[in-house]
Amino acid sequence: MATIAAGMDAPPKNRSTTAEARRGATAEEMAQKQREISVSEFFAKNRHLLGFDNPRKALMTAVKEAVDNALDACEEAHILPDIRVELLQRSETRFKVTVRDNGPGIVRHQIENIFGRLLYGSKFHRLKMSRGQQGIGISAAGMYGLMTTGQPVLIISKTSKKKPAVEVLLKMDTSKNRADVVSETEHPEDDGLFPEGHGTQVSIEMEGRYQGGRQSVDEYLDQTAIANPHARITFVNPSNETIEFKRGTNEHPPEAKEILPHPKGIELGTLIQMVERTERTQLGSFLQEEFSRVSPSVAKEICERAGVTNRTWIKQVGHKESEAIYKAIQDVRIMAPPTDCLVPIGTKALLSGLLKGVRAEFFTACTRPADVYRGNPFLIEVGLAYGGELPKDELIRVIRYANRVPLLYQQSACASFKAVLETSWRNYGLSQSRASLPEGPLVVMVHMASVWVPFTSESKEAIADYDEIRKEMKLGLQEVGRKLGIYMRRKQRMRHEGERRSIFERYIGEIAQSTESITGTAAQKVYDSLMRVAKRKTEEADAVLDDEGRRVKDEDPLGRDDSVVIMESRIAAPAAEAGGEGEAAPAKDAKATGSLFGDDQAQAPRSRRKRGSSN
C-alpha cells in the first residue's frame with residue numbers, strides 16, 4: 001500500500017512532451033507525402049488484375065497478348081498471319097517466351113511506347129472490332145518478366161526489305177510509365193527471321209509454369225486456330241516438340257470499318273466533353289459529323305426537341321443546352337449503328353473449326369443479327385457439336401470467344417456461360433438439373449463480336465452480364481438447340497422403327513415356311529411380300545436426315561442448309577447407345593492427351609515434329 005501511495009504522490013510527467021507525442025500530422029505534412037501514382041506502378045502491385053495471378057496463368061497470358069497483337073497487325077495490313085510461338089525453358093520455373101509474326105513490323109520510334117508503356121495504343125479510341133482494346137497487354141507481359149527475372153524485353157522489328165532489322169533491348173520504368181532503352185542496334189543478320197521482308201519478334205524472359213490440358217498455352221493456341229482459320233500458327237513447346245496449326249483458308253477475313261459513336265451510346269458528361277472539343281462551329285454539323293446515323297432530319301428533330309436550332313453556335317451551347325440535347329437524343333428514334341465494323345467468324349468457319357476439333361456426329365451453327373448495347377453494335381455466334389465420341393456421362397463443354405479470342409478463365413462470371421446455364425436443354429433431349437449445366441455428349445461454342453467487348457476486368461477473361469447481350473446469346477443457343485432437338489427426336493424414331501423391323505424379320509421366315517406347307521404358296525414369294533410390308537410399315541428406319549433432321553432422298557450430309565452437318569459415319573449403333581455389345585470405345589482423356597477435346601486424331605490440321613527434325 002505504501003508503494004501505491006508513493007506512486008500516486010509522484011509528480012506528473014511533462015504535459016507538453018505527452019501532447020507533442022500524441023499530436024497527429026498536419027495538413028501541410030500530409031500534403032508533402034502525397035504524390036502521383038503511375039499506372040504502371042499500380043498494375044505492378046496489382047498484376048492479378050491483368051491475368052498474372054500465378055506462374056501457369058502468367059505464361060499463358062503473355063503468349064495470348066503477343067499472339068493477339070500479331071493477328072491484329074497482320075489483318076490490318078492485309079497479310080495472312082504466319083505466327084511462331086516458342087517456349088524455351090531456362091530452369092524449372094523460368095521460361096523465355098518468343099513470338100514472331102510476319103506483320104508489317106513496327107517503326108523504330110514507336111517500339112518503346114508499344115512495349116514499354118501501359119495504356120498506350122491505337123485501338124482504345126476507335127470504334128472498330130479488334131482483339132486488343134486497352135493498350136495494356138504486351139507491355140504488362142514485359143513488366144511482369146522484368147519484375148520476376150530482372151531481364152529486359154528484346155524486340156526485333158523489320159518494316160521493309162530495303163531496311164535492316166532493328167534490335168531493341170528495353171526495360172520499363174514503372175515510376176514514370178515509360179521504357180528505358182538499354183541498347184538499340186541494326187542487325188542485318190536478323191533479316192533471315194523475316195523471309196517476307198517484314199515482321200516483329202518479341203522475347204520475354206519470365207517466371208512461369210508450363211502444363212498442358214485445360215487453361216494452358218496449348219488450349220489457347222488450339223482454340224485460336226479454330227476461330228482464325230486464315231492463320232498458320234507454329235508452336236514449339238518446352239519439350240522441343242513442334243505443333244503446327246495449318247492454315248484452313250487463304251481468304252482474308254473481311255476488313256472491319258471504323259465507325260463514329262452512336263448518340264444513344266454516350267452519356268451526358270461525354271456529350272459535354274465532345275461539345276467542348278469539337279472543331280465544328282454549328283450544332284447541326286456537330287451532330288451530323290460527330291455521330292453515326294444522324295441525318296439532317298434527325299439532327300433537326302433533336303435540336304427542335306432541345307429548344308435550339310441547327311444553326312446554333314457551338315460556343316453558345318452550355319451545360320443547360322447540352323442536358324436538353326442529351327434528353328432529346330433519348331426521345332428521338334435513331335437508326336441502329338452500322339454493323340460493317342464487325343467481322344464475325346461465320347457459320348461455315350464455325351462448322352469447319354468444330355469439325356476439325358470434335359469427333360461428333362451432329363454439328364450446327366448460327367450467326368445472330370447484329371444488336372446494340374449502350375450504343376455499341378455487337379453480334380452473337382453459336383456453334384454446337386453432339387454425339388459421336390464425346391463423353392456421355394459428363395457435363396457439357398462450353399467454349400467462349402470474344403472478338404475471335406478464346407476466354408479460358410472466370411467461366412462462371414461470364415455472360416456466355418450464364419446464357420448456357422439458363423437455356424432449358426431438357427426441351428432438346430438432354431438431362432439437366434436445376435441451375436446447372438446439362439449432362440451429355442455436347443460441346444457448345446459461343447462467340448461475341450463487338451467494337452467494345454464489356455469485359456469484367458482488365459485481364460479480359462469474362463464478358464460482363466448486360467441484358468441485351470445475354471438475351472442474344474440465349475436466342476442463338478435456342479436456335480441451335482431446336483435443330484438438335486429435331487435431330488434427336490427423328491433419330492429416336494428411326495431407332496424405334498429399326499427395332500420393330502428386327503422383330504418382323506425374326507419371324508417372317510417361319511411364317512413363310514408355314515404358309516407354304518398349309519397353302520402350297522411358294523415360301524420365297526410369301527417372304528418377299530411380307531418383307532415389303534415390313535419395310536413400308538417401318539420405312540422410318542431407312543430415312544436419311546437432312547440438316548434439320550428431316551428426311552431426304554439423297555445422302556448429302558449438308559442437306560439444304562450449310563448451317564448443319566451430320567456425320568453418318570460417327571453415329572453410334574443402337575447397341576452402343578444402350579450400353580450393350582459393340583459399345584463404342586470411350587473418348588480419350590483430355591488431360592492425358594493434351595488435346596483440346598481429348599482426341600488427338602481429331603486434330604487433323606496439326607502436325608508434330610521434334611525441333612531440328614526434317615520437314
K.L.:
Given R400, which partner from the list V405, L407, L408 fulfils the side chain to side chain contact (heavy atoms under 4.5 Å, CB included) test?
P.N.:
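Looking at V405, L407, L408, the match for R400 under the side chain to side chain contact (heavy atoms under 4.5 Å, CB included) is L407.
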K.L.:
A side-chain contact here means heavy atoms from C-beta on lying under 4.5 Å apart; do I259 and P377 qualify?
P.N.:
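Yes. Closest side-chain heavy atoms under 4.5 Å.
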K.L.:
Determine whether a donor-acceptor pair (N or O, by modelled atom type, separation under 3.5 Å) exists between the side chain of H447 and the backbone of R404.
P.N.:
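Judged by distance alone, yes, a pair lies under 3.5 Å.
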K.L.:
Could you verify whether a donor N or O on one side chain and an acceptor N or O on the other, from Q151 and T149, lie under 3.5 Å apart?
P.N.:
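Not at all, the side chains of Q151 and T149 share no donor-acceptor pair under 3.5 Å.
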K.L.:
What is the minimum heavy-atom distance between K264 and Q330, and which atoms define it?
P.N.:
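For K264 and Q330, the tightest heavy-atom pair comes out as NZ-O, 3.0 Å.
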K.L.:
With a 6.0 Å cut-off (strictly less than), is the heavy-atom count around CD of E279, excluding the residue itself, greater than 12?
P.N.:
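Incorrect, the count does not exceed 12.
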K.L.:
Got a sec: does the CD of E251 have more than 12 other heavy atoms crowding it under 6.0 Å?
P.N.:
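At most 12 heavy atoms, drawn from other residues, nucleotides or ligands, come within 6.0 Å of this atom.
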K.L.:
Under 4.0 Å between a Lys/Arg side-chain N and an Asp/Glu carboxylate O for R94 and E205?
P.N.:
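Counted as a salt bridge, because a side-chain N and a carboxylate O are separated by less than 4.0 Å.
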K.L.:
Could you check whether atom CD of E92 has more than 12 heavy atoms from other residues, nucleotides or ligands sitting under 6.0 Å from it?
P.N.:
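Counting neighbours around CD of E92, 12 or fewer heavy atoms of other residues, nucleotides or ligands fall under 6.0 Å, so no.
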K.L.:
Distance-only, no hydrogens or angles: does the D101 side chain make a donor-acceptor pair with backbone N or O of L71 under 3.5 Å?
P.N.:
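Side chain of D101 to backbone of L71: no pair is present.
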K.L.:
Short question: side chain of T312, backbone of L283 - any donor-acceptor pair under 3.5 Å?
P.N.:
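Flag not set: sc T312 to bb L283 has no pair under 3.5 Å.
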K.L.:
Please check: side-chain N/O of E381 versus main-chain N/O of I345, any donor-acceptor pairing under 3.5 Å?
P.N.:
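Yes, the answer is positive, given that a donor and an acceptor are paired below the 3.5 Å cut-off.
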K.L.:
Measure the acute angle between the ring planes of F95 and Y210, then classify it against the limits of 30° and 60° as parallel, tilted or perpendicular.
P.N.:
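Judged by the thresholds at 30° and 60°, the geometry between F95 and Y210 is tilted.
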K.L.:
Could you tell me if the side chain of E468 sits less than 4.5 Å from the side chain of V372, heavy atoms only?
P.N.:
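Side-chain contact under 4.5 Å: no.
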K.L.:
Main chain of T270, side chain of Q273: is a donor-acceptor contact present, judged purely on distance under 3.5 Å?
P.N.:
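No, Q273 side chain to T270 backbone: no donor-acceptor pair under 3.5 Å.
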K.L.:
I want to check something: taking the side chain as every heavy atom from C-beta on, are F194 and I156 in contact at a cut-off of under 4.5 Å?
P.N.:
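Yes. Closest side-chain heavy atoms under 4.5 Å.
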K.L.:
CD of E267: more than 12 outside heavy atoms within 6.0 angstrom?
P.N.:
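No, not enclosed.
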K.L.:
Between P152 and L169, which heavy-atom pair has the shortest distance, and what is it?
P.N.:
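Scanning both residues completely, I find the closest heavy atoms to be CG-CG, 3.6 Å.
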K.L.:
Within a strict 4.5 Å, meaning less than it, do heavy atoms of the S322 and V317 side chains meet?
P.N.:
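Contact flag for S322/V317 side chains = yes.
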K.L.:
Hey, is the main chain of T61 close enough, under 3.5 Å, to the side chain of Y220 for a donor-acceptor pair?
P.N.:
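Judged by distance alone, no pair lies under 3.5 Å.
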K.L.:
Measure the shortest side-chain to side-chain distance between P406 and T224 over non-hydrogen atoms and say whether it is less than 4.5 angstrom.
P.N.:
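In contact.
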K.L.:
For F291, does its backbone N or O pair with a side-chain atom of H262 as donor and acceptor, under 3.5 Å?
P.N.:
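Not confirmed, H262 side chain does not pair with F291 backbone.
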K.L.:
Is it the case that the side chain of R247 and the backbone of P81 share a donor-acceptor pair, with hydrogens and angles ignored and the cut-off at 3.5 Å?
P.N.:
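Yes: the side chain of R247 pairs with the backbone of P81.
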K.L.:
Counting distance only, does the side-chain N/O of K158 pair as donor-acceptor with the main-chain N or O of K163 below 3.5 Å?
P.N.:
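Yes; judged by distance alone, with no hydrogens or angles, the pair exists.
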K.L.:
Would you say the side-chain atoms of T234 pair up with the backbone N or O of R84, donor to acceptor, closer than 3.5 Å?
P.N.:
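A pair under 3.5 Å: no.
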K.L.:
Ignoring hydrogens, what is the shortest heavy-atom contact between V275 and T278? Give both atom names and the distance.
P.N.:
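Heavy atoms only, the tightest pair is O-CG2, 3.3 Å.
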K.L.:
Does any non-hydrogen side-chain atom of F378 lie less than 4.5 Å from one of E472?
P.N.:
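In short, these two side chains touch, coming nearer than 4.5 Å.
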K.L.:
How about Y373 and S450: do any of their side-chain heavy atoms sit closer than 4.5 Å?
P.N.:
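Heavy-atom side-chain distance check passes, below 4.5 Å.
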K.L.:
Can we say D82 and R232 salt-bridge, meaning some charged N sits less than 4.0 Å from an Asp/Glu carboxylate O?
P.N.:
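Salt bridge flag = yes for R232 with D82.
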K.L.:
For residues T159 and H198, determine if any side-chain heavy atom of one lies less than 4.5 Å from a side-chain heavy atom of the other.
P.N.:
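No. Closest side-chain heavy atoms not under 4.5 Å.
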K.L.:
Is it true that E219 and Q215 share a donor-acceptor pair across their side chains at a distance under 3.5 Å?
P.N.:
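The criterion, which ignores hydrogens and geometry beyond distance, is not satisfied for E219 and Q215.
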K.L.:
Could you check D68, N69, N403, N228 and say which one makes a side chain to side chain donor-acceptor pair (under 3.5 Å) with R131?
P.N.:
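Result: among D68, N69, N403, N228, N228 is the only option passing the side chain to side chain donor-acceptor pair (under 3.5 Å) with R131.
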K.L.:
With a 6.0 Å cut-off (strictly less than), is the heavy-atom count around NZ of K418, excluding the residue itself, greater than 12?
P.N.:
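Enclosed: over 12 neighbouring heavy atoms sit under 6.0 Å from NZ of K418.
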